[in-house]
Amino acid sequence: MASVRLERITRKFSNTTAIDNITFTVPDGEFWVLVGPSGCGKSTILRTIAGLETATAGNLFVGDVLVNKVPARQRDVAMVFQNYALYPHMTVAQNLGFGLQMRKTDPAQITERVEKVARSLGISHLLERKPKQLSGGQQQRVALGRAIVRQPQVFLLDEPLSNLDTQLRDDTRAELKQLQAAIGTTTIYVTHDRVEAMTLADKIVVLERGRIQQIGTPQTIYARPANRMVATFLGSPPMNILPAIYMGGFQVDEQFLPCPPSLREQVSMSEGQSFDLGIRPEHISLGDSQTFSELPENRQGELMVEVRVVEPLGEKTLIRSILPDANIPLQVQASGNWQGNVGDRLKVQFDLSQLFIFDPATGETLYPQS
Ligand code: ATP
């Protein structure tokens, strides 16, 4: 096993800078997730580590070894792709053992390692089947097994669960986390799925347009996002953003939210200045609920919204609403038995201690400061 270090890595494709001056180190044994919107450069980073792309600039180390010029086959890393890329004419056992065979491993040892990995993935009964005789979930396990059996220094996983249905995906995600903890191999995992990123990662790297926006634990990224992009990308449903003007409190549309004293002390604000306010749906409650009524008054704020879409999710209901005069969207969570209708106008209460403030021009987080 080994750490992976990217030092000022850039990859350009003619006019496009796919990744731009990326630096981070994944310590030995950790599980890191690269996340960001489509086209942000996640796969290019992974492919560069694997040796399938060549960096335009920068250095890449696996452990202490500079691998810039080491061909993919000689890098001790194993990559699992979204489309599994199994060999269709080989059985599962042959697929699993192929990498070892290419490395001239002793046949008895190949059999032993293949059987052991198949047992750990619950696919021992499938060893003689061909890939087309397997379900998507089973194929995905074989692809993972093929990486594990090689005992590489690093696993590189590119959206490995995205072809699975929701239930299987949730189950496999949990298994994968257990498996990585047991094997302890350094893992870098690419996804655009926020829940996968939050649940799997020791550390998350949030990317946008080829640049790192923030690196941190899931808890840090959620509680202390560096900017509006990170704040709105992670968290499901995402954080609401309300454009506001400071007038002693915040004027939002034609309505008004008080400014908590702690916020006024920490952020320099002048009358008439614009800000973006951020509030997560779980920190807004419906006016008729008791949830926030026990908060001290200086932490409460209230806005009127109009319901646009009601999404019952079982234990809770997601209400997509707008601030009526300016058409600003606001998502709110209510209890599972919430009874309301599209077109209803409601008062919603904010827990103002959970408010975020962003610079509207740069998106930088002004409050809370990390
Ligand atoms: P997705 O989630 O959609 O897979 P991604 O975050 O993995 O996206 P990349 O595949 O790394 O993004 O692509 C990053 C950028 O580089 C994109 O703008 C993409 O169009 C561009 N790009 C990637 N590969 C090439 C290539 N071979 N030639 C030209 N441009 C490329």
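When a ligand or atom number is given, it counts from 1 through the structure's own listing order. Being a predicted model, the structure only gives us computed values, none of them experimental.
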Where do H192 and F233 come nearest, in terms of heavy atoms and distance?
O-CZ, 3.8 Å
Protein contact to atom 16 (O) of ligand 1 [nearest heavy atom, distance to 0.1 Å]:
A18 CB, 3.2 Å
Quick look: K42 vs ligand 1, heavy-atom contacts under 4.0 Å, and the answer is both
Could you go through the side chain to side chain contact (heavy atoms under 4.5 Å, CB included) check for L277 and F358 one step at a time?
CA-CA 6 Å; L277 309 184; F358 304 101; over 6 Å; no
Any idea which part of T16 is under 4.0 Å from ligand 1, heavy-atom wise: side chain, backbone, both or neither?
side chain
Listed once per pair and sorted, the salt bridge (Lys or Arg N to Asp or Glu O under 4.0 Å) pairs that draw on residues 120-149, sequence neighbours left out:
R141-E175
Other residues, nucleotides, ligands: >12 heavy atoms within 6.0 Å of R194 CZ
yes
Looking only at protein heavy atoms, which one is nearest to atom 3 (O) of ligand 1, and what is the separation?
S38 OG, 2.6 Å
Stepwise, does the ring pair (Phe, Tyr, Trp, His ring centres under 6.0 Å) test hold for Y87 with F98?
CA-CA 9 Å; Y87 301 111; F98 185 69; 4.9 Å; yes
Considering only the protein, which heavy-atom contact is closest to atom 9 (P) of ligand 1, and what is its distance?
T44 OG1, 3.5 Å
Please determine whether any non-hydrogen atom of G39 lies less than 4.0 Å from an atom of ligand 1.
yes
So does D193 get a backbone contact from the side chain of E196, meaning a donor-acceptor N/O pair under 3.5 Å?
no
Quick one: nearest non-hydrogen protein atom to atom 23 (C) of ligand 1, plus distance?
F13 CE1, 3.5 Å
Identity of the nearest option to atom 4 (O) of ligand 1, non-hydrogen atoms only, from S162, S43, C40:
S43
